[in-house]
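Sequence lines set the chain letters: A, B, ... in the order given, protein chains first and strands last, and positions in each chain run from 1.
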Amino acid sequence: MSAEELAERFSRLFPRASAPPESTSADGVSADGVVPAEPSRPAQETEHAARGCHLEATLASGEVVAAARLMDEHGFAIDAVTGVDWLAEGQMEVIYDYFHPVNGLRVAVRARIPRENPEIPTVSEVFPGANWHERETHDFFGIRFTGHPDLTPLLLPEDAVYHPLRKDFSGE
Amino acid sequence: MRFITLCVRTLAVSESNFISAAEHAGETFVLNLGPQHPATHGVLRVKLTMDGEYITRAEPVPGYIHRMHEKMGENRNYAQFLPNTSRIDYLSAMHYTHAFVGVVERAAKLEVPPRAEYIRVITSELNRISSHLVWFGAFLLDLGGFTPLLYAFDDREKILDLLEGITGSRLTYCYYRFGGVCNDIDDEFIRGTRAFLEEMRPRLKLYRELVTDNIILRKRLIDIGPISAELCRKYGATGPVIRGAGVPYDVRRSEPYSVYPELDFVVPTHAEGDCMARYLVRMEEMGQSLRIIEQALDRLPEGPVLGKAPKTVKLPPGDYCYAVEAARGRFMVRVISDGKEIPYRVKLRAPSFSNLSLFEEASQGMMLPDALAVMGSLDLVIPDIDR
Amino acid sequence: MNLPEPFRLLVFLLGTMAFVGANAAYLVWVERKGAGRFQRRTGPTEVGYAGLLQPIADAIKLMSKQLILPPGVDATLFRLAPLLVLAPAMMCFATIPFSETLVPRNINVGLVMVFSFGSIHVMAIMLGGWASRNKYAIISAARIVSQNVAYEIPMLLVVITLLMVTGTMNLHEIVQQQAGGFWNWNFFRLAANPLMPVTFIIFYICMLAETNRAPFDMAEAESELVAGAFTEYAGMGFGVFFMAEYANVVIGCSLATVLFFGGWQSPIGVLPGLFWFLLKLYLLVFSVIWVRWTFPRTQFYGLLNLSWKILIPLSLFILLLTSAVMKLF
Amino acid sequence: MKHSPRQIIDGFWSLLTGMRITLGQFFKPTVTVQYPHESLKMPTRFRGHIVFVRDPETGKSLCIACKACEKACPSDCIVVDGIKREGEKRKSVTDFKLDFTKCSLCGSCVEVCPTDALEFSRAYNLASVSKEQFHCIDLVKRLEQE
């Protein structure tokens, strides 16, 4: 399986229409500088030597579980789940990293969610390993993973109510 | 005052390892393994629900030495964050620094002179051996064998002396720089490393005879704690854990970096997936690392060791990843830059974190000493989990 | 020894206590030094010449520590356990013949006495673990009982085999039978039992298991159970358990010397008997230390499997073989 | 779990091999260094805390108080101050304080120094009964006292 085929599967599974309009800014370049996928393809091949990733997919928040299933079907392993706080745009980004244990392909799946109500379905049903990564992301960003079995703080103290990786977190 | 005493007593009964009345009546009890326990090698707590000596549920509770390295990364420029990277997993500091300088070099498109790349490989592999030696000793300590620890530390000492000679420190090296390494290696180091290669091979044989072939050890490791390739995949376990399940996944091969593609080495795998498989993978990796070092020393080119790098590094806006094969598995740094001299976001993907996350599933129904053997065979470094 | 009986008793009582005390203290030193050498370190060096005063410093430190009684423990049993563990160990010495003349009490059922007192210390450790009201300690208490039940059996079977050869339970007589050169030692009496060395190995393994020494230190198992039954003990309470461990090692090794290696008998006929007894004894003690610093700990069920599946069938076989050999020849 | 006699003998043999090896080590010389009595020589690149390099001509520090180290330090543990004296081309340092409790010995300060005025000391056994002693290591005073 190559990155191309995978990109093909992504575009069949997730027609571009369902992608959230807010994931790209007005001028067509997303805020993190990634050139967005062509309208018909949510997934785009990237050069590994330049980016450390073979394929990037930008999806709507509702599609991440389906993407995880797709990854699972193709024998990918969960690498990490993490967040990014885009304060200026009022958005949070959740990045799901996958790697393939046999052929070494790297896939990053991204989804943007509104910052005021950061909610995204959990993929821990598909990849139990995502459980801890999502808990950690919840710790750091306050992103709620709906359907997650246990979102108690993992790395932060049990009674932590703050989310230190939010850009407006001052340390108090 | 009486109230405080009462609180303390209630706490002592519910949280400590005293048996409470409720537990007397019930069939299971909760055993707090850690945060201070000889087998957790640091401040990891595992909440064990036990039925007699059988574990019905093992819930790791990490986070006791969480230092929020990722936030620190957002508060200082790239060069200033560099010393932090060797403190995430203090046993494989070189690999972690490698990943961070790697991501910056990838994003800023910096050239690294070939000599520097070879030096990086040599020091990385030395570091891998020293890390595996610590694991070897500590693992045997978990299993109740004391002496191999001292032998392993004797060998490790030689590596630390070598690395101290060129980097100036023994554990948190911070030796790599954007575009190369900070000091060139000298003849003394090369001679010392070659001598070490000669000394280490008979030592590996000694470990095989003393430990690997030992019937007590074999009984304790064979068929204990099987972790399947599927389980590794679902939890993202990497390094010797997935290789011990028969999958030859090694970042040095799957996402080649540095000069590893030019070097000839085998990725050791064992299909059994039990503690013995993980043990053997690590032992064989030490031999492979010796091979890599030998080849790299033979091919070591002349030239500069530090390429051109801007005084203050600024990365073009974007999202960059760089993964390396650390001693415990896949370590990845993700840097998101907004073009400023301070990164917008640094994500550290630590191998021990994923490796530990499967412990709950892998230790089901196991006896306590077996579960500790499994935990030891995962080779956990707690600061790596907590970051 | 022409002392009147009460004095004789007193002398031997004091002698035994001093012997146990000195052994417990200095075997710790030997163990630490030995461990050091096996691991290519020096061991204690600072207190006194070659660290010889280290055990005394340790004892002073332990005695000056507070005896902590954790809340909720059974105070009586918790305090009683260290005493119960040491007293039987000392009593066992009453029948050990150190030389031809130096034997505290020469009784006919000496062997039975050693075994009966020897199994009390297990109960004492169990008691200590149980009274501690600590989960680790209770796991350890449960372990030590099943371990000792498992190992008492092959040990007794082996001793029965030996008794068939010697025909007496008097330790003094057993040694006297082995006089006249090392080929007369029980270890080499292959005519009566062709598997005598195996018998000894079984005895040795059982001795290690009974005294909770590595690789069978299930009760302490510090990487699993922190300190097992001794987790809650502080100061000299812990120190007494520690002393008892070494006292038991010495008893086990003296018994092995008496039963297999001709007690005070000299292999070549020079030097006094006491010297030979102690030499053999301490060589065996050294081997116990040597074993400890070589092997990893066995798995608990592996330990029970070893006993029930290998040692017991094997010792039964040896028993049958010996009786067959003795009947036929 | 089955035990064939062969396995038992092999297992027992492996135990004897182990004991042979440890006994072999028993008679080899020790490898440890008895620290307070003897100590190892620190390598030339050893990274201790920073000290000033003495200018061989003037006997003073080479520091020009440019504050590059202060900026480079990831832990903000360096405070530098200097003045420009009459008749001198460059600024000279008046105050250089290192908060050693925060320092991670990364060596960034030594690397960025334009005049190579800083070097690592070879002192490794820094010990004190009070933390205060390491809060503020005054490099200027140190250079004068030496």
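For B/Arg106, the parts sitting under 4.5 Å from any heavy atom of chain A are the backbone and the side chain alike. Contacts between B/Leu358 and chain A at a heavy-atom distance below 4.5 Å are absent for every atom of the residue. Using a 4.5 Å cut-off between heavy atoms, A/Val81 touches chain B through its backbone atoms (N, CA, C, O) alone. Neither the backbone nor the side chain of B/Tyr322 has a heavy atom closer than 4.5 Å to any heavy atom of chain A. With a threshold of 4.5 angstrom between heavy atoms, B/Asp338 does not approach chain A through any atom at all. In this structure, chain A has no heavy atom under 4.5 Å from any part of B/Tyr257. The contact between B/Arg387 and chain A is made entirely by side chain atoms (from C-beta outward), counting heavy-atom distances below 4.5 Å. Neither the backbone nor the side chain of B/Pro316 comes within contact range of chain A; no heavy atoms are under 4.5 Å apart. Contacts between B/Glu70 and chain A at a heavy-atom distance below 4.5 Å involve backbone atoms as well as side-chain atoms.
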Applying ring pair (Phe, Tyr, Trp, His ring centres under 6.0 Å), run through B/Tyr344 and A/Trp86 and close with a yes or a no.
-> CA-CA 9 Å; B/Tyr344 189 78; A/Trp86 297 103; 4.8 Å; yes

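Taking a 6.0 Å sphere around CD of A/Glu125, one finds it holds 12 or fewer heavy atoms contributed by other residues, nucleotides or ligands. In this structure, B/Glu111 places its CD atom where only 12 or fewer heavy-atom neighbours from other residues, nucleotides or ligands lie under 6.0 Å away. Enclosure of atom NZ in A/Lys167 by more than 12 non-hydrogen atoms of other residues, nucleotides or ligands within 6.0 angstrom is indicated. Shown here is A/Glu158, whose CD atom has no more than 12 heavy atoms of other residues, nucleotides or ligands within 6.0 Å.
With hydrogens and angles left out, the side-chain atoms of B/Arg345 and A/Thr82 include a donor and acceptor closer than 3.5 Å.
A cation-pi arrangement is absent between B/Lys71 and A/Phe140 under the rule of less than 6.0 angstrom and at most 45 degrees off the ring axis. Remark: B/Arg233 fails to qualify as a cation-pi partner of A/Phe76 under the 6.0 Å distance and 45° angle criteria applied to the six-membered ring.
Between the CG atom of A/Asp79 and the OG1 atom of B/Thr238 there is a distance of 7.5 Å, given to the nearest 0.5 Å. Note: A/Glu93 CD to B/Asp319 CG = 7.0 Å, rounded to the nearest 0.5 Å. Between atom CG of residue A/Asp150 and atom CD of residue B/Glu59 there is a gap of 7.0 Å, rounded to the nearest 0.5 Å. Between the CZ atom of A/Phe99 and the OH atom of B/Tyr249 there is a distance of 5.0 Å, given to the nearest 0.5 Å.
Per-residue counts of heavy-atom pairs under 4.5 Å with chain A were compared for B/Cys321, B/Ser254, B/Pro60, B/Cys232; the largest is that of B/Cys321. Between chain A and the residues B/Asp250, B/Val251, B/Leu356, B/Val61, the largest count of heavy-atom pairs under 4.5 Å involves B/Leu356. The candidate from A/Asp139, A/Ile95, A/Asn131 with the greatest count of non-hydrogen atom pairs under 4.5 Å with chain B is A/Ile95. Annotation: maximal heavy-atom pairing with chain A below 4.5 Å, among B/Gly236, B/Ala107, B/Pro248, occurs at B/Gly236. Highest contact tally toward chain B, considering only A/Val102, A/Asp97, A/Asp85, A/Leu156, is held by A/Asp97 [criterion: heavy-atom pairs under 4.5 Å].
Residues A/Leu165 and B/Met68 have side chains in contact (heavy-atom distance under 4.5 Å, counting atoms from C-beta outward). B/Pro62 has its side chain within reach of A/Trp132: a pair of non-hydrogen atoms, C-beta onward, lies under 4.5 Å apart.
Side-chain atoms of B/Lys234 come within 3.5 Å of backbone atoms of A/Val126 as a donor-acceptor pair (strictly under, hydrogens ignored).
Between B/Phe353 and A/His133, the ring-plane angle classifies as tilted under the 30° and 60° cut-offs.
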